[in-house]
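Sequential numbering from 1 along the given sequence is applied to the chain's residues. Every value quoted in this text rests on a predicted model; they were computed, and no experiment measured them. Order of appearance sets the numbers: ligands from 1, and atoms from 1 within every ligand.
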Amino acid sequence: MRKIGVLTSGGDSPGMNAAIRAVVRKAIFHNVEVYGIYYGYQGLISGDIRKLEIGSVGDIIHRGGTMLHSARCLDFKTEEGQLKGIEQLKKHGIEGLVVIGGDGSYRGAGALTKRGYPCIGVPGTIDNDIPGTDFTIGFDTALNTVIDAIDRIRDTATSHERTYVVEVMGRDAGDLALWAGLAGGAETILCPECDYNMEELIAKLIRGKERGKKHSIIIVAEGVGSAVDIAREIEAETHFDTRVTVLGHVQRGGSPSANDRVLASRLGAHAVELLIEGKGGRAVGLEKNQLVDYDIIEVLSHKHAIDRKMYDLSSELSI
Ligand code: F6P
């Protein structure tokens, strides 16, 4: 393999730049040329493709976002879009592609794989919802951003003796809510994967107040529904002074944590190793701190599961 391409797609995540850097430097180390495809699959279709050198990825390891930019591209879901993309790759002599992104990006890579084009998926999303890896790039940073926010909310919640409902991202997954709730000492965590009972939630809040608790924090994964609706219901039932914070895209930005930089560097480099070995159609990951790779189509057929024991533990610790 003499020339490879790299793109980032879907929602950006902190650490994507570190992954791009690893792909570029690892490839050049092995005398393979690298082409950056800008704006994800949109740029692949339109041919926004530029050669990257060692210096192109200098001074980015610590930066959030993605230097290649990103896009959500509906056209790439069509046969026409995919064929145009492959045509562009062939036109530039690019023999393999590294796709950094979440499940939508993986579906694009899966489509290219089915058309016989060698692709490697690198999991980059704050949602931590990609099967075949313990962690996705960006999750750790987003988690720390959420924790920082919860700690601040806790201060003001205590001062005013308020109940706070904090909505976090995660699309259909509850990992960010669960980890943030456990690390932030939340009273209750609502995840899309776990049923909850509003009466129990309210009874717990009242019990807490009765034993002298000065505040309560409830973490709601966006996949459960609106934090505003949940807060309204709590306030109506308890008459506690209740506030809502929707953290939103704040969770997607910022300098990547050391863990995300290391994860991104290892996964990006591993993706290049696979392409050099002539392997395509793989999704890389880290399991029990070991690099792994799986058939990307197979990975797409699995559903990421939440750690149920961790969820139960969070309830036990917040009695
Ligand atoms: O997948 C990452 C993510 O931030 C989700 O947590 C969220 O639901 C979604 O992207 C938001 O997408 P957009 O940035 O397109 O509004």
Side-chain angles (χ1 to χ4, degrees), residues 7-20 38-43 64-77 99-110 121-150 165-181 183-184 189-194 219-230 244-257 260 263-264 267 283 285 299-300 302-306:
L7 63 80
T8 50
S9 151
D12 62 352
S13 69
M16 278 186 164
N17 275 330
I20 297 166
Y38 288 71
Y39 299 95
Y41 292 115
Q42 200 62 59
T66 158
M67 65 162 273
L68 293 176
H69 302 277
S70 194
R72 299 199 189 276
C73 176
L74 291 177
D75 289 349
F76 205 71
K77 291 186 176 165
V99 172
I100 305 166
D103 56 351
S105 315
Y106 270 42
R107 272 192 288 280
V122 175
T125 165
I126 64 163
D127 300 339
N128 206 42
D129 60 348
I130 304 288
T133 187
D134 291 342
F135 297 106
T136 57
I137 299 164
F139 173 68
D140 184 62
T141 309
L143 174 61
N144 281 292
T145 303
V146 175
I147 289 304
D148 181 55
I150 294 175
V165 181
V166 181
E167 184 181 306
V168 303
M169 277 186 168
R171 203 179 287 277
D172 303 322
D175 273 50
L176 203 47
L178 173 57
W179 283 67
I189 303 167
L190 305 186
C191 301
E193 298 89 342
C194 309
I219 306 293
V220 180
E222 64 175 342
V224 169
S226 159
V228 174
D229 294 343
I230 290 165
V244 178
T245 302
V246 178
L247 292 177
H249 287 80
V250 158
Q251 298 160 94
R252 286 242 296 266
S255 180
S257 66
D260 273 329
L263 178 66
L267 295 183
V299 162
L300 284 169
H302 291 284
K303 207 173 154 23
H304 168 77
I306 204 154

Residue selection (non-hydrogen contact nearest atom 10 (O) of ligand 1) among H249, E222, R72:
R72
Distance from atom 9 (C) of ligand 1 to nearest protein heavy atom, with residue and atom
R171 NH2, 3.5 Å
Does the S70 side chain pair with the main chain of G40, one donor and one acceptor, at a distance under 3.5 Å?
no
Check whether any side-chain heavy atom of F139 sits under 4.5 Å from a side-chain heavy atom of D175, and report yes or no.
yes
Output yes when a side-chain donor or acceptor of D260 lies under 3.5 Å from a complementary backbone atom of G138, and no otherwise.
yes
Side-chain contact, heavy-atom cut-off 4.5 Å: V244 with E167?
no
Among all protein heavy atoms, pick the one closest to atom 6 (O) of ligand 1 and tell me residue, atom and distance.
D127 OD1, 2.7 Å
Just need the protein heavy atom nearest to atom 3 (C) of ligand 1, so name the residue and atom and give the distance.
R252 NH1, 3.4 Å
So do the side chains of V146 and W179 get within less than 4.5 Å of each other, counting heavy atoms only?
no
Ligand 1 to G170, heavy atom cutoff 4.0 Å, flagged ligand atoms 6 (O)
